[in-house]
Amino acid sequence: MTDAPTGYDTANIEAKWQKAWDEAELFRAERSDAPKYYVLEMFPYPSGRIHIGHVRNYTMGDVIARYKMASGFNVLHPMGWDAFGMPAENAAMASGGHPKEWTYNNIDVMRGQMKPLGLSIDWSREFATCDPEYYGQQQALFLDMLDKGLVYRKPAIVNWDPVDMTVLANEQVIDGKGWRSGAEVERKELTQWAFAISSMAEDLLDSLGDLKDWPEKVRLMQENWIGKSRGLQMTFALSQPAHGHDGIEIYTTRPDTLRGASFIALAPEHPLAKALASENADLAAFNADVRKGGTTEEALEKAEKRGFDTGLTVENPLGGTLPIWVANFVLMDYGTGAIFGCPAHDQRDLDFARKYDLSVTDTFVALNDGTPVAGTAFVPPKTEKVLWIDQPAGVEEATGQEAIDATIDWAEARGLGTGKTQYRLRDWGLSRQRYWGCPIPVVHCDACGVVPEKKENLPVELPDDVTFDVPGNPLDRHPTWRDVNCPSCGKPARRETDTMDTFVDSSWYYARFTAPHAQTPTNMDDATYWMNVDQYIGGVEHAILHLLYSRFFARAMNETGHLPASAREPFNALFTQGMVTHAIFQTRDDKGRAVYHLPEDVDLDTRTVKATGETIEIIPSAKMSKSKKNVVDPQDIIASYGADTARWFVLSDSPPERDVEWTASGAEATHKHLRRVHRLATDVARADRPANAADADLAKATARAIQEVTDGIEGFAFNKSVAKLYEFTNTLHKSDAGAEARRGAIKVLAQLMSPMTPHLAEEIWSMMGGEGFVLSAPWPVADPALLVDDSVTLPIQINGKKRSEIVVPKDMPKAEIEALVLQDEAVQRILEGGQPKKLIVVPGRIVNVVV
RNA sequence: GCGGGCGUGAUGGAAUGGUAGACAUACCAGACUUAAAAUCUGUUGGGCGUAUGCCCGUGUGGGUUCGACUCCCACCGCCCGCACCA
């Protein structure tokens, strides 16, 4: 925006400084003797255009990067593209283009949108995961992991669309039906490649304790996801052997409820269930029926609990027999694929028992004999003491955990079973039956089996001549690519046509940034110097999968010699930022359906649609979505207000970890403020007032501003830093201090603003005759002497409510404060000559009088 | 269904056991102006009151504490994740 009267011409100012930074190669990262600092924001998927949420994410990283540069660190701040994935194939299917073309075009557009933001990124390190140079090294990594036994093949269950004859992603399954065909999806077993992440479960769990600078909630989520539990594995003898089985091995985390067992339940995929189904058409039909629907845990959990009575029984070591059912809620993946059900103390088992009329036996009751709620299983926390009924291990009054431990000991002593530690974490299936991903570098040979591709033949490149006119993986029907000779025996063989999960691409990109063009996955010297990522920033939606996979990969890369041991835990500090939201403006059509309107088409004062005068409904703080017409395009903001306004706005108001709502009025107000700062600097540059008594006050305010803004940045509370900068600007504006003092203060203001609004900061810095770039000037340090006040204001509370306050010297003894408080007018009025019940003095903070 | 998080004026938020509402937006009033915009100054949680002041108030209900937005328990609402969306 050209702004002639004040001279705050963002287009010129921002272009000028971006050019100057480029020419000085300020952001190019080279190894040096200086302490390093690696800032990384989760790299974007090249979906087409950047949105304001990206701006917020990268601005946060930029604030840290620039602050660390000014604090003397050698900063690495790279950027790349998470470029493989389904949307590119979907676009190709929809409009006939090629995923490669679509992806690289998007990258060009998005890079073009990002550069005007003035981010301190070392663009020389940029790469996309779909560059053969990158995925070739990923294939090398895969082969090394194969060598170490960290990758193997195993059966895995996928969503199968029986009409399109293709595997579907979870998001392509809508209400249990295929998104294109509408056919009911089935769960189908395929042989797939898997990473042995569960072999590192214990390490991944243990090390969470060392991640001090990770949000507690993320560590908790990962802990629960890994799901370590100690339980009992035991075998129930079959009353009559069947299909070569003479017992059912079960796993339970609640062996203490054995007395209340009323049935055994098998997963439909359990070997015995499958064997029985082979000669029982009804069971086969049941198994086929419960296989319908998607594979997500959510779908399985929400599905109606159903069972099939096999008619078989097992012997209960506590006496009697238990019927064996096949049940859809038992997972073959977890434990042994068989459980015993205890309806009295598990809601799911109770629902099942009610439905099929199975017995319900209490194992324990509450100590305070609280009335049990009808139809509800009694499931107290494992730490709560309860009263046990005929507990086989002999406990009477004990917690669930004590009873579990006792029962495991009891079972082990009698040879009934063994205590076993189990993890919920499953191995990571990485095969995808799709084109636009990193090819898995192996060949299937009839004679030699699975043969790894030779490293000198890497990268195994994706062929360009593919079409997407029929469902399924084009690699599968591409004979010249697919049909190769065996690397081992040379006979005709078949290339693996599955590609890798895109989570693989993003599990090691942080390491690749340390040497993006090395001929091996990493370069040890570079990796050792730059790793770990000192500050990682991204959305909380990645709290579990991406972060856990990355932690696994760092360990695997260490074990295959691609990362030092010090980088096994790759992210020192993690910050999860919130979204940028925007109001939705909607009206209803005559059928009551929502009709959405663009912000520029509505009049907010009258709350109407400009063209038609209809009254709008405003839904605040909604996630941005093209279809709801509430997406804010950063390019528009930069064009009208400049990058600094966009950057300042996304940092202000909301704490970084929370969502922030974009409002047009907020952006306008931010711009006004920056214009005010620019004008203030222009005025101060010309002023010639002599030094005077106000100089000292300004010096104090400056010291406080340095302290508080720095604390805000260090504590990732950019909104507070912004608030303090507003305050300091207002103080500076009103200050009567002399010209020299004001020029000094405004130079500090420029420095403090430089991480957030770097262009304006450089402009002011140069206006004030600052040397070099403001970015290169050492970060200001507050003079401690200016930060302390000689006296403090103590609020006086009476019964916890503030009634008065006194000003006392900073280190006045307690007794003297007490005496002063008792003389206080408000206190005397309440006391009416009497004595307080209690007088609490918290030095330097508060006084509370209890009457 | 399971795991995790969040909830404070008209609005975004500050205060993380010690003055609830910093800072900003919006609104209102004033200055400047022929006028408007821009700019500057000031007021603003609700209620009662001329006023010193008093009462109420941080999703709801209970609890711990001299003192609770903050800690504990239960509930309500919204958001994130649930292993093939990235």
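First the proteins, then the strands, lettered A, B, ... as listed; each starts at 1. Keep in mind that this is a model prediction, so the values were computed, not measured.
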> Which nucleotide sits closest to the side chain of A:Glu301: B:rC56, B:rG18, B:rG1?
Replying inline: B:rG1
> To the nearest angstrom, how far is A:Phe649 atom CZ from B:rG12 atom C1'?
Replying inline: 8 Å
> Using a cut-off of less than 4.0 Å, is there contact between a side-chain N or O of A:Asn719 and OP1 or OP2 of B:rA24?
Replying inline: no
>> Give me the distance, rounded to whole Å, that separates B:rU16 from B:rA26 when you measure between the C1' atoms they each carry.
In response: 29 Å
> Separation of A:Leu651 atom CG from B:rU25 atom C1', in whole Å?
Replying inline: 17 Å
>> Using whole Å, what does the distance between atom P of nucleotide B:rA37 and atom CZ of A:Arg675 come to?
In response: 14 Å
>> Just to be sure I understand the rule, does A:Val850 reach a base, reach only the sugar-phosphate, or reach nothing, if contact means heavy atoms closer than 4.0 Å?
In response: sugar-phosphate
>> Need one value for A:Lys720: base, sugar-phosphate or nothing, where a base atom within 4.0 Å counts as base even if backbone is also close, heavy atoms only.
In response: sugar-phosphate
> Can we say A:Lys814 and A:Glu818 salt-bridge, meaning some charged N sits less than 4.0 Å from an Asp/Glu carboxylate O?
Replying inline: no
>> Expressed as a whole number of angstroms, how long is the span from A:Ile846:CD1 to B:rU65:C1'?
In response: 14 Å
>> Give me the distance, rounded to whole Å, that separates B:rG59 from B:rG77 when you measure between the C1' atoms they each carry.
In response: 8 Å
>> Is a donor from one side chain sitting under 3.5 angstrom from an acceptor on the other, for A:Thr497 and A:Asn473?
In response: no
>> Can you check the distance between B:rG81 and B:rU70, where both ends of the measurement are the P atom (answer in whole Å)?
In response: 29 Å
> Can you tell me how far P of B:rU39 sits from NZ of A:Lys734, to the nearest Å?
Replying inline: 16 Å
> When the ring planes of A:Trp428 and A:Phe503 are compared, do they come out parallel, tilted or perpendicular, using 30° and 60° as the limits?
Replying inline: perpendicular
>> Can you tell me which nucleotide in B:rG67, B:rG7, B:rA20 comes closest to the side chain of A:Asn848?
In response: B:rG67
>> Taking B:rG47 as the reference, what is the distance to B:rA36 when you measure between their C1' atoms (whole Å, please)?
In response: 39 Å
> Which pairs with one or both residues in residues 834-849 of chain A pass salt bridge (Lys or Arg N to Asp or Glu O under 4.0 Å), sequence neighbours excluded?
Replying inline: none
>> Is A:Ser654 close enough to B:rG12 that one of its side-chain N or O atoms is under 4.0 Å from OP1 or OP2 there?
In response: no
> Expressed as a whole number of Å, how far does the C1' atom of B:rC6 sit from that of B:rC54?
Replying inline: 35 Å
>> Under 4.0 Å, heavy atoms only, any strand: does A:Lys724 hit a base, just the sugar-phosphate, or nothing?
In response: nothing
> Please give, in whole Å, the distance from B:rA20 P to A:Arg845 CZ?
Replying inline: 13 Å
>> Closest approach to the side chain of A:Lys802, judged atom by atom: which nucleotide of B:rG3, B:rC23, B:rU19 is it?
In response: B:rU19
> Should the pair A:Glu297-A:Arg424 be classified as a salt bridge under the 4.0 Å nitrogen-to-oxygen rule?
Replying inline: yes
>> Using a strict threshold of under 4.0 Å (side-chain N to carboxylate O), is an ion pair present between A:Asp351 and A:Lys305?
In response: no
>> Give me the distance, rounded to whole Å, that separates B:rC80 from B:rC69 when you measure between the P atoms they each carry.
In response: 30 Å
> Does the A:Ser431 side chain pair with the main chain of A:Trp193, one donor and one acceptor, at a distance under 3.5 Å?
Replying inline: yes
> Could you run down nucleotides 76-86 of chain B 5' to 3' and tag each one B, S or - for protein heavy-atom contact under 4.0 Å?
Replying inline: ----SSBBBSB
> Parallel, tilted or perpendicular: which describes the rings of A:Phe329 and A:Phe352, with under 30° parallel and over 60° perpendicular?
Replying inline: perpendicular
> Under a 90° cut-off about 0 for the syn range, is B:rG21 syn or anti?
Replying inline: anti
>> So that I can compare with my own list, what are the stems of RNA chain B, taken as at least three consecutive Watson-Crick or G-U pairs with distances under 3.5 Å?
In response: B:1-7 with B:76-82, B:10-12 with B:23-25, B:28-31 with B:39-42, B:45-48 with B:53-56, B:59-63 with B:71-75
>> For the backbone of A:Gly539 and the side chain of A:Gln577, can you confirm whether one donor and one acceptor N or O come within less than 3.5 Å of each other?
In response: yes
> So A:Phe575 and A:Phe716, would you call those rings parallel, tilted or perpendicular, with 30° and 60° as cut-offs?
Replying inline: parallel
> Starting at the 5' end of RNA chain B, which residue's closest nucleotide do you reach first, A:Glu805 or A:Glu216?
Replying inline: A:Glu216
> For A:Arg658 and B:rU8, what is the distance between atoms CZ and P respectively, to the nearest whole Å?
Replying inline: 8 Å
>> Base, sugar-phosphate or nothing for A:Ala669? Non-hydrogen atoms, less than 4.0 Å.
In response: sugar-phosphate
>> Taking A:Arg348 first and then A:Glu301, would you say they form a salt bridge - that is, a charged N and a carboxylate O separated by under 4.0 Å?
In response: yes
> Distance between the C1' atoms of B:rC84 and B:rC72, in whole angstroms?
Replying inline: 42 Å
>> For B:rG12, does the base pair up with any side-chain atom of A:Asp653 as donor and acceptor (N or O, under 3.5 Å, distance only)?
In response: yes
> Quantified in whole Å, what is the P atom distance between nucleotide B:rG18 and nucleotide B:rG1?
Replying inline: 37 Å
>> What's A:Arg676 touching, base or sugar-phosphate or nothing? Going by heavy atoms closer than 4.0 Å.
In response: sugar-phosphate
> Do the rings of A:His54 and A:His51 sit parallel, tilted or perpendicular, given the 30° and 60° boundaries?
Replying inline: tilted
>> Which nucleotide wins on minimum distance to the side chain of A:Glu727, given the candidates B:rU39, B:rG4, B:rC23?
In response: B:rC23
>> From CD of A:Gln797 over to C1' of B:rG67, roughly how many Å is that when rounded to an integer?
In response: 6 Å
> Across the strands shown, which category fits A:Asn730 at heavy-atom distances under 4.0 angstrom: base, sugar-phosphate, nothing?
Replying inline: sugar-phosphate
